[in-house]
Number of protein chains: 2
Amino acid sequence: MSNNTQFSIAVHIMTGLGYKDGADMTSSSLARSVNTCPSFVRRVLSKLSKAGLVHTTTGKAGACTLAKKASEISLFDIYEAVDAPKAFSIHGYDVQKPCPVSCNIKAALERVLEKTQLSVEESLKSITLEEVVSDVKSV
Amino acid sequence: MSNNTQFSIAVHIMTGLGYKDGADMTSSSLARSVNTCPSFVRRVLSKLSKAGLVHTTTGKAGACTLAKKASEISLFDIYEAVDAPKAFSIHGYDVQKPCPVSCNIKAALERVLEKTQLSVEESLKSITLEEVVSDVKSV
DNA sequence: TTATTCTGTTACTAATATAGTAACAATATG
DNA sequence: CATATTGTTACTATATTAGTAACAGAATAA
């Protein structure tokens, strides 16, 4: 498996919750859909819950539902909630003092990659969970 | 160090080559700037060379230079050359047959994330190596 | 020709990040 | 009180990435 999959797992979970709108889902049933263990799903659910995207209840009849309408949740909300990594990150090598490139490259990269990161975020903001749910239902 | 740094290392190397326009640089001098070993730099240089972005010569006086003007190289060219990972990748869990979400989520994610990937690529295409070099020089 | 010094490549090790699992306290239900 | 859930922690396994060393092939210069 490659990198950054936590985001796609979170979208999978949210789509599962949105698919049966309002129906209670447990970490076990979601884990069956994703094909992983309930514990792993709960770790993701916990983040989504803290971000106010899902509502969870503990106890015997504990379950999860979407905290908002799928049309009011963007993929950017999910992206932020799970704290997924940036599109690009800058290398962490120490600066080599006498070299002007070494001294300035990180700041230059930051300025430039900020644009790219913003374009990613704009793109994610423009896609709602509802779109993904409908797409899954339409097949 | 986090993920995706290979791209930033490649940009660092290319900026080093562009900084002293036309001057010969070796993998050793570039490695000193980045702060890593020459072997690692050569691996990246090799990819950049195959992509036609740098020109290398072997032998005793071997060295590297940019193969084009910095103004004719975009960060997207570098991104492609080093085969950096996509902005988002989709999880690789097996499909759980009876679950419609599990069966369709990957295709839905692909359709949706293609938009995001394109916006990243457009953004990288709009930034030239020359801009990064000037930024480094201007400090 | 011979020694030198580069690149290009391979093979390997170390470090890091991520996924996967198990366990259990806290909680709510019936 | 027995049960079934979340939330969290601690830990292990796996995959990815960085780092290093070694060496063949190539070009230069003595």
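Chain A is the first sequence line, chain B the second, and so forth, proteins listed ahead of strands; every chain is numbered from 1. This is a predicted model, so every value here is computed, not measured. Hydrogens, waters and symmetry mates are skipped; everything else that's a heavy atom, side chains included, is used.
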Worksheet item: A/Thr56 side chain N/O closer than 4.0 Å to the phosphate oxygens (OP1, OP2) of D/dG7?
Response: yes
Worksheet item: How far does CE of A/Met14 sit from CD1 of A/Ile9, to the nearest 0.5 angstrom?
Response: 14.5 Å
Worksheet item: Do B/Val132 and A/Ile105 have side chains that get closer than 4.5 Å, going by heavy atoms?
Response: yes
Worksheet item: For B/Asp24 and C/dT7, what is the distance between atoms CG and P respectively, to the nearest whole Å?
Response: 10 Å
Worksheet item: OP1 or OP2 of D/dT6 sitting under 4.0 Å from any side-chain N/O of A/Lys50?
Response: no
Item to complete: Just say parallel, tilted or perpendicular for the rings of A/Tyr79 and B/Phe88, cut-offs at 30° and 60°.
Response: perpendicular
Response to the item:
Nearest heavy-atom approach of B/Ser33 to A/Ser102 is O-OG, 3.1 Å
Practice prompt. Answer yes or no: is there an ion pair linking B/Asp135 with A/Arg111, defined by an N-O contact shorter than 4.0 Å?
Written response: yes
Fill in: Heavy-atom pair with the smallest gap, counting every atom of A/Ala87 and A/Gln117
N-OE1, 3.0 Å
Item to complete: Go through the side-chain N and O atoms of B/Ser49 and B/His55 and say whether any donor and acceptor fall under 3.5 Å apart.
Response: no
Worksheet, complete the sentence: On a heavy-atom basis, the closest approach of B/Leu109 and A/Ser8 is CD1-CB, 3.8 Å
Item to complete: Compare every heavy atom of B/Val136 with every heavy atom of A/Pro100, then report the nearest pair and how far apart it is.
Response: O-CG1, 3.8 Å
Item to complete: Give me the residues of residues 26-34 of chain A where at least one heavy atom lies under 4.0 Å from an atom of DNA chain D, by number, or none.
Response: A/Thr26, A/Ser27
Discussion item. For DNA chain C, which residues of residues 37-48 of chain B approach it to below 4.0 angstrom with any heavy atom?
Written reply: B/Ser39, B/Arg42, B/Arg43, B/Ser46
Could I get a table of every N or O pair under 3.5 Å where one atom is in the protein and the other is in nucleotides 28-30 of chain C?
from   : atom 1 : to      : atom 2 : distance (Å)
C/dA28 : N3     : A/Lys60 : N      : 3.0

Discussion item. Return the CG to NE2 distance between A/Asn35 and A/His12, rounded to the nearest 0.5 Å.
Written reply: 8.5 Å
Fill in: Gap between atoms CG and P, on B/Leu17 and C/dT7 respectively (whole Å)
11 Å
Worksheet item: What is the distance, rounded to the nearest whole Å, between atom CD of B/Gln6 and atom C1' of C/dT16?
Response: 15 Å
Worksheet entry | Check: A/Asp77 side chain, A/Ile73 main-chain N or O, donor-acceptor pair, under 3.5 Å | no
